Participant: 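A single structure is presented below for examination.
This is a predicted model, so every value here is computed, not measured. Note: hydrogens, waters and symmetry copies are ignored here, and every other heavy atom, side chains too, is used. Note on naming: letters A, B, ... go to the chains in the order of the sequence lines (proteins, then strands), and numbering restarts at 1 for each one.
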Number of protein chains: 2
Amino acid sequence: MNLVVTIIVTTKGCYVMQISSRFSVGVHILSLLAINPNEHHTSEWIAGSVGTNPVIIRRVLGYLKKAGLVHVRAGSGGATLARELDEITLLDVYRSVEVVEEGKLFHVHDQPNPSCPVGANIETVLQLLLVKAQHAMEGVLEAVTMKELVEVLSNQIKTKSAGE
Amino acid sequence: MNLVVTIIVTTKGCYVMQISSRFSVGVHILSLLAINPNEHHTSEWIAGSVGTNPVIIRRVLGYLKKAGLVHVRAGSGGATLARELDEITLLDVYRSVEVVEEGKLFHVHDQPNPSCPVGANIETVLQLLLVKAQHAMEGVLEAVTMKELVEVLSNQIKTKSAGE
DNA sequence: ACTAGTTGTAACTAATTTGGTTACAACTGA
DNA sequence: TCAGTTGTAACCAAATTAGTTACAACTAGT
């Protein structure tokens, strides 16, 4: 007699929406530029720290450049900060990489039946609230500058290396 | 001589991430149950107001049921509220339909180089902030009950029908 | 002027979500 | 028993995301 038991272990649970990592990659890049000001920051060098492909970095650098946060030298290569660290908020980075459209974090179903009282009015009522929720989130990002973030980061780096 | 001019108009701009409309559909459903308490709320009837397919409604009803927000009668059909309106916050609905995992609104790139000081520390520093931002957003949803939303909705319905 | 190294982009892929749809077994109440 | 309904599975098209290859254009130093 044979008894076969198969157990399937799924690595991840159900998938859900997430804001693109372009944002965190952007913050990572700016932190690198700030903390190692004397390096030659090519997309390849940056990709080494972020743990991804140089093209991904060039793409994000493109967004940051378009938003006036960095300068990128074509040909010779290398990126540098285009603005003081305390004049870059996390919201600036967030907006620059275009991960979420203004006022559109939530997808509200858009074909409710206009001849049903609820269907005809739910959109406007909900939108008002959801935009408020989105703004609350973005407000937290706006309240933090890259300077503050880099300070926290530097402290953590020191603490960690001291603890070894 | 022929001159042909082709103008391509794109309906939408670039696409970006959005939180699934399951959430707004869920709110729509609960509003219907509250405002028309004497109807026989089959998935087909609800779908008529939401402007979608009955199966979509049954799926969302499944989430709401699992979260204890509604009762659904199999066979004879029909959904009813399982909890008082003022004991359902928008956050309850949001959580029930599983659109965003707890603490995971933002996707932080997950293979930074551990041998680079920045790469080794950026994740924890960022996460702290991003979870805070997410909580701020969810706090707004938590502060509003379905009762309040239905009141605003009812007022708007009255105002509109009076204005005609 | 050449050349090596780099950026900016286009094109493509695999994985994944989402909303929609069809189909159907199981259930319920008259 | 039967008509109507729910709960699900299976499938589809559209779209995003991250990753990758490829390559023209550019720049600085020799």
Side-chain angles (χ1 to χ4, degrees), chain A residues 10-26 28-29 39-48 50-66 70-80 97-101 104 106-112, chain B residues 10-26 28-29 39-48 50-66 70-80 97-101 104 106-112:
Chain A
T10 53
T11 333
K12 308 184 181 185
C14 62
Y15 248 86
V16 287
M17 177 242 65
Q18 286 193 303
I19 291 174
S20 162
S21 64
R22 284 203 300 275
F23 173 49
S24 66
V25 170
H28 192 143
I29 293 175
E39 289 279 348
H40 184 209
H41 301 287
T42 66
S43 61
E44 179 129 19
W45 187 91
I46 297 174
V50 174
T52 184
N53 192 288
V55 178
I56 302 290
I57 300 300
R58 296 209 278 271
R59 283 215 269 254
V60 176
L61 273 176
Y63 283 115
L64 297 176
K65 186 168 91 173
K66 188 175 157 198
V70 300
H71 293 305
V72 183
R73 248 177 319 205
S76 63
T80 50
V97 295
E98 300 175 15
V99 283
V100 172
E101 217 166 325
K104 293 193 177 172
F106 292 87
H107 179 195
V108 176
H109 59 291
D110 44 6
Q111 276 132 18
Chain B
T10 53
T11 333
K12 309 185 182 185
C14 62
Y15 249 85
V16 288
M17 177 241 68
Q18 287 193 302
I19 290 175
S20 163
S21 64
R22 284 203 299 276
F23 173 48
S24 66
V25 170
H28 192 143
I29 292 175
E39 289 280 348
H40 185 209
H41 301 287
T42 65
S43 60
E44 179 129 20
W45 188 90
I46 296 173
V50 174
T52 184
N53 192 288
V55 178
I56 303 289
I57 300 300
R58 297 209 278 271
R59 283 214 270 254
V60 176
L61 273 177
Y63 284 115
L64 298 176
K65 186 168 93 173
K66 189 174 155 197
V70 300
H71 293 304
V72 183
R73 245 177 321 202
S76 63
T80 50
V97 295
E98 300 175 14
V99 282
V100 172
E101 219 167 323
K104 293 193 176 173
F106 293 88
H107 180 196
V108 176
H109 58 293
D110 45 6
Q111 277 131 20

Participant: Can you list the residues that meet the ring-ring contact (aromatic ring centres under 6.0 Å, His included) rule with H107(A), with sequence neighbours excluded?
Facilitator: none
Participant: Does Q18(B) reach the side chain of K104(A), with side-chain heavy atoms less than 4.5 Å apart?
Facilitator: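 A side-chain contact under 4.5 Å exists here.
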Participant: Holding to side-chain contact (heavy atoms from CB on, under 4.5 Å), I want the full list of residues that pass it with H71(A), two or more places apart in sequence or in another chain.
Facilitator: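 side-chain contact (heavy atoms from CB on, under 4.5 Å) list for H71(A), sorted by chain: T80(A), A82(A).
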Participant: Choosing from dG20(C), dG19(C), dT21(D), which nucleotide comes nearest the side chain of V55(A)?
Facilitator: dT21(D)
Participant: When rounded to the nearest 0.5 angstrom, what is the spacing between CD1 in I46(B) and OG1 in T52(B)?
Facilitator: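 If we round to the nearest 0.5 Å, I46(B):CD1 and T52(B):OG1 are 12.0 Å apart.
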Participant: Among all residues two or more places apart in sequence or in another chain, which pass the side-chain contact (heavy atoms from CB on, under 4.5 Å) test with K66(B)?
Facilitator: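 K66(B) satisfies side-chain contact (heavy atoms from CB on, under 4.5 Å) with E98(B) once adjacent residues are dropped.
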Participant: Nearest to the side chain of K65(B), heavy atoms from C-beta on, is which of dA9(D), dA18(D), dG7(D)?
Facilitator: dG7(D)
Participant: Contact list please: residues 56-64 of chain B against DNA chain D, heavy atoms, distance less than 4.0 Å, in numerical order.
Facilitator: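 When residues 56-64 of chain B is checked for heavy atoms under 4.0 Å from DNA chain D, the hits, listed by number, are R58(B), R59(B).
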Participant: Looking at the side chain of V72(A), which of dT7(C), dT21(C), dA22(D) is the nearest nucleotide?
Facilitator: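 Out of dT7(C), dT21(C), dA22(D), the nucleotide with an atom closest to V72(A)'s side chain is dT7(C).
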Participant: Tell me every residue that passes side-chain hydrogen bond (donor to acceptor under 3.5 Å, both in side chains) with E44(B), counting only those two or more places apart in sequence or in another chain.
Facilitator: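 Not a single residue meets the side-chain hydrogen bond (donor to acceptor under 3.5 Å, both in side chains) criterion with E44(B).
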Participant: For DNA chain C, which residues of residues 39-48 of chain B approach it to below 4.0 angstrom with any heavy atom?
Facilitator: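 When residues 39-48 of chain B is checked for heavy atoms under 4.0 Å from DNA chain C, there are no hits whatsoever.
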Participant: Between side-chain atoms of residues 53-60 of chain A and protein atoms elsewhere (two or more places apart, or another chain), which donor-acceptor pairs fall under 3.5 Å?
Facilitator:
{"from": "N53(A)", "atom 1": "OD1", "to": "V55(A)", "atom 2": "N", "distance (Å)": "2.9"}
{"from": "R58(A)", "atom 1": "NH1", "to": "S43(A)", "atom 2": "OG", "distance (Å)": "3.0"}

Participant: What's the CG-C1' distance between N53(B) and dA23(C), to the nearest Å?
Facilitator: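 It is 12 Å, rounded to the nearest whole Å.
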Participant: Sequence neighbours left out, what passes ring-ring contact (aromatic ring centres under 6.0 Å, His included) with F106(B)? Give chain and number order.
Facilitator: F23(A)
Participant: Polar pairs (N or O, both sides) under 3.5 Å between protein and nucleotides 25-30 of chain C?
Facilitator:
none

Participant: Restricting to side-chain hydrogen bond (donor to acceptor under 3.5 Å, both in side chains), what partner residues turn up for H28(B), sequence neighbours left out?
Facilitator: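 Listed in chain order: H109(A), S49(B).
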Participant: Output yes when a side-chain donor or acceptor of T42(B) lies under 3.5 Å from a complementary backbone atom of W45(B), and no otherwise.
Facilitator: yes
